[in-house]
Each structure stands twice: as structure tokens, then as C-alpha cells.
> 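Below are the C-alpha cells for one structure; questions will follow.
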Amino acid sequence: MSNPPPPKHASRHLGMVEPAAWFQRFQPLIASGGTVLDVAAGGGRHVRFFADLGHRMTAVDRNTAPLQTFHESHNAEIIEADLEDGAAWPLGEQQFDAVVVCNYLFRPLFDDLIGALAPGGVLLYETFARGNEVYNRPRNPDHLLKSGELLALVKDRLQVVAYAHGIVETGECPGVKQMICAVNNLPLDGEPAPKRLPEIT
């Protein structure tokens, strides 16, 4: 049985080429030459971005046709998997120096995303939030974060370096967005060592 076609807003994302500004700002926190997992990688704009910076890339998506070129050009590992079909997390116990997710939301994966972070690993997450239905797709509340939802996700699990929620009017995919940068470095007790905030360019 073939997979249903992606929603229209998903096909729009396949045509994007510029990396998210949030990812560009906080990528310096990722270990040099580290491993990066791009979840729901779409057309591969972030595979290219992080690979060009010297990171070793793994990309997972239901439709991997747009990603295959990166296997040859950037030595990326491409994994075809429907992340919403109830099957086991396709990466098993594998961990990465960063997990990045852009314009994708499937809440049952939250624990798997955090579990895929190596010690010191960085979670970069950006997607649409409530209020976006006024501006553009997606409009289904199942695909829109509630206020503070990403903060609740990482509470007592990761150190929050930066968080933002609001209207984004620039870039290829404007709308109401929620973004977080968080690091897997919470000690058993006490405070985690603070991270240097990259400059806004």
C-alpha cells in the first residue's frame, strides 16, 4: 500500500533552500565535525547546510527521493521511514551530537528526539505554533505547538540556551513559530555550565 501524498504545505517545504536562521545562529554550539540527525529532512536544505560545515549527517524522512543526492555529494546517511506509522524509532539507540527538526511536529516522537542526543548534544527545534492558522498552513492544531510547549518538553531534561515564540515575517516560510536551542548537559545536581550565546548576524 503506497503512502498518501504529503499535505500541500509539506510540498512547499521541499522547495526551500535556505537554512533556518535559528539553526544558523546556534550551529556553533554543535561539536566540530559532530554527528547531526535531521528529522523529517524534506528537501535536504539542512543536510547540505550542516554537511558543508563539516558535520556527519543522518537524514530521516518518509520520502527520501529528494535526499538521495546528498548520499553521494555529502556522504549523508539517508533513512526512509514513516515516523508516524507506529513503528519503532528507526535510529534505535544511536545518539548524535545534534538533533535538528524544522517545520515538523509529531508529539509521540518527543522522547525519542531527546533520547537521540549524545551527552552534550544540542537540540535545535523550530516549527509552527498556535496562531499560525490565521496566516498560513498548517492550520490543524495537531500540527501547531501550544505556547511554551517546547520548554515543557525539555524541562529538567536539557539546559535551555535560547527560546523564542512569535510571528516570523522573514525567510522562506513565515508564520507563527516556536523555537528552542537546548543542550543535553544537565548534571545530577547543581547547575549546568552555561553556553556562550552566538552573536545575532
Side-chain angles (χ1 to χ4, degrees), residues 3-14 16 20 22-23 26 36-47 58-64 67 79-118 121-168 171 173-186:
N3 288 323
K8 290 182 179 179
H9 72 269
S11 59
R12 172 166 55 103
H13 297 162
L14 291 177
M16 296 178 187
W22 188 258
F23 292 4
F26 290 104
V36 177
L37 171 64
D38 187 355
V39 177
R45 60 184 171 134
H46 294 118
V47 177
T58 298
V60 59
D61 203 294
R62 181 177 65 177
N63 174 20
T64 59
L67 299 169
I79 298 174
E80 182 174 333
D82 185 340
L83 297 172
E84 303 179 19
D85 66 358
W89 173 244
L91 283 304
E93 300 298 317
Q94 191 172 356
Q95 292 188 320
F96 300 84
D97 295 306
V99 174
V100 301
V101 188
C102 191
N103 297 336
Y104 176 74
L105 177 62
F106 185 60
R107 291 175 175 87
L109 293 180
F110 279 171
D111 285 343
D112 292 312
L113 298 178
I114 293 179
L117 287 171
V122 179
L123 174 67
L124 292 175
Y125 205 132
E126 172 182 324
T127 196
F128 298 97
R130 298 286 175 93
N132 190 72
E133 62 273 15
V134 176
Y135 297 91
N136 210 331
R137 295 186 178 92
R139 295 187 173 95
N140 185 334
D142 290 342
H143 301 148
L144 299 172
L145 289 165
K146 301 174 185 176
S147 179
E149 190 168 355
L150 290 179
L151 287 173
L153 162 67
V154 305
K155 181 177 171 58
D156 298 326
R157 303 170 81 179
L158 306 176
Q159 177 191 180
V160 176
V161 174
Y163 170 83
H165 182 134
I167 300 169
V168 177
C173 197
V176 179
K177 297 287 190 76
Q178 191 171 135
M179 298 160 273
I180 200 165
C181 171
V183 180
N184 185 23
N185 69 340
L186 290 186

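Side-chain atoms are counted along with the backbone in the values below, which use heavy atoms only and exclude waters and symmetry mates.
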> Do any N or O atoms from the side chain of Trp22 and from the backbone of Ile180 form a donor-acceptor pair under 3.5 angstrom?
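Yes.
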> Are any side-chain N or O atoms of Asn184 and backbone N or O atoms of Ala118, one a donor and one an acceptor, separated by less than 3.5 Å?
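Yes, the answer is positive, given that a donor and an acceptor are paired below the 3.5 Å cut-off.
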> Look up atom CD1 in Ile79 and atom CG in Leu67, then write down how far apart they are to the nearest 0.5 Å.
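Between Ile79 CD1 and Leu67 CG, I get 11.0 Å after rounding to 0.5 Å.
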> Please check this pair: side chain of Thr127 against backbone of Cys102, looking for a donor-acceptor N/O pair closer than 3.5 Å.
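Not confirmed, Thr127 side chain does not pair with Cys102 backbone.
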> Assign the ring pair Phe110 / Tyr125 to parallel, tilted or perpendicular, where the plane angle (0 to 90°) is split at 30° and 60°.
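Phe110 vs Tyr125 ring planes: perpendicular.
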> Has Tyr163 got a side-chain atom pairing as donor or acceptor with Leu150's backbone, closer than 3.5 angstrom?
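No.
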> Verify the ring-centre separation between His143 and Phe128: is it less than 6.0 angstrom?
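So the answer is no for these two rings.
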> With rounding to the nearest 0.5 angstrom, report the CG to CG distance, Leu153 to Leu113.
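Result: 7.5 Å between the selected atoms.
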> To the nearest 0.5 angstrom, please state how far the CG atom of Leu91 sits from the CG atom of Leu37.
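Spacing of CG (Leu91) from CG (Leu37) equals 5.0 Å.
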> Checking the side chain of Glu133 only, and the main-chain atoms of Pro141 only, is there a donor and an acceptor separated by less than 3.5 Å?
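No: the side chain of Glu133 does not pair with the backbone of Pro141.
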> Does Gly115 offer a backbone N or O that forms a donor-acceptor pair with the side chain of Gln95 under 3.5 Å?
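Checked: pair present.
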> Determine, stepwise, if the pair Phe26 / Val161 fulfils side chain to side chain contact (heavy atoms under 4.5 Å, CB included).
CA-CA 9 Å; Phe26 290 104; Val161 174; 4.3 Å; yes
> Could you give the distance from CG (Leu117) to CG (Asp112), rounded to the nearest 0.5 Å?
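Interatomic distance, Leu117 CG to Asp112 CG, rounded to 0.5 Å: 11.5 Å.
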> Identify the two heavy atoms, one from Val39 and one from Val99, that lie closest to each other, and give their separation to 0.1 Å.
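It is CG2-CG1, 4.1 Å.
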> Output yes when a side-chain donor or acceptor of Asp82 lies under 3.5 Å from a complementary backbone atom of Arg62, and no otherwise.
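No, because the side chain of Asp82 does not come within donor-acceptor range (under 3.5 Å) of the backbone of Arg62.
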> So, Arg107 side chain and Asp142 main chain: donor-acceptor pair closer than 3.5 Å or not?
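Answer holds: yes.
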> Please find the pair of heavy atoms, one from Ala81 and one from Val60, that lie closest to each other, and give the distance.
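That would be CB-CG2, 4.0 Å.
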> Mark yes or no for whether Gln94, through its side chain, and Gly92, through its backbone, hold a donor-acceptor pair below 3.5 Å.
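Such a contact is absent between Gln94 side chain and Gly92 backbone.
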> Do Leu144 and Leu105 pass the side chain to side chain contact (heavy atoms under 4.5 Å, CB included) test, and can you show the C-alpha distance, the side-chain angles, and the key distance before you say yes or no?
CA-CA 7 Å; Leu144 299 172; Leu105 177 62; 5.6 Å; no
> Could you walk me through whether Arg45 and Asp38 pass the salt bridge (Lys or Arg N to Asp or Glu O under 4.0 Å) check?
CA-CA 10 Å; Arg45 60 184 171 134; Asp38 187 355; over 6 Å; no
> Quick check: closest heavy atoms across Val154 and Ala182, and the distance to 0.1 Å?
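Answer, listing the atom of Val154 first, then Ala182: CG1-CB, 4.3 Å.
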> Carefully, step by step, assess Trp89 and Leu83 under the rule side chain to side chain contact (heavy atoms under 4.5 Å, CB included).
CA-CA 7 Å; Trp89 173 244; Leu83 297 172; 4.2 Å; yes
> Tell me if a side-chain donor or acceptor on Glu126 pairs with a main-chain N or O of Gln178 at a distance below 3.5 Å.
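Judged by distance alone, no pair lies under 3.5 Å.
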> Testing the basics here: between Pro174 and Asn132, what is the closest heavy-atom pair and its distance to 0.1 Å?
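Minimum heavy-atom contact is O-OD1, 4.4 Å.
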> Could you check Thr58 against Val36 for side chain to side chain contact (heavy atoms under 4.5 Å, CB included), going step by step and ending with a plain yes or no?
CA-CA 6 Å; Thr58 298; Val36 177; over 6 Å; no
> With rounding to the nearest 0.5 angstrom, report the CD to CG distance, Gln159 to Asn185.
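Going from CD on Gln159 over to CG on Asn185, the span is 4.5 Å.
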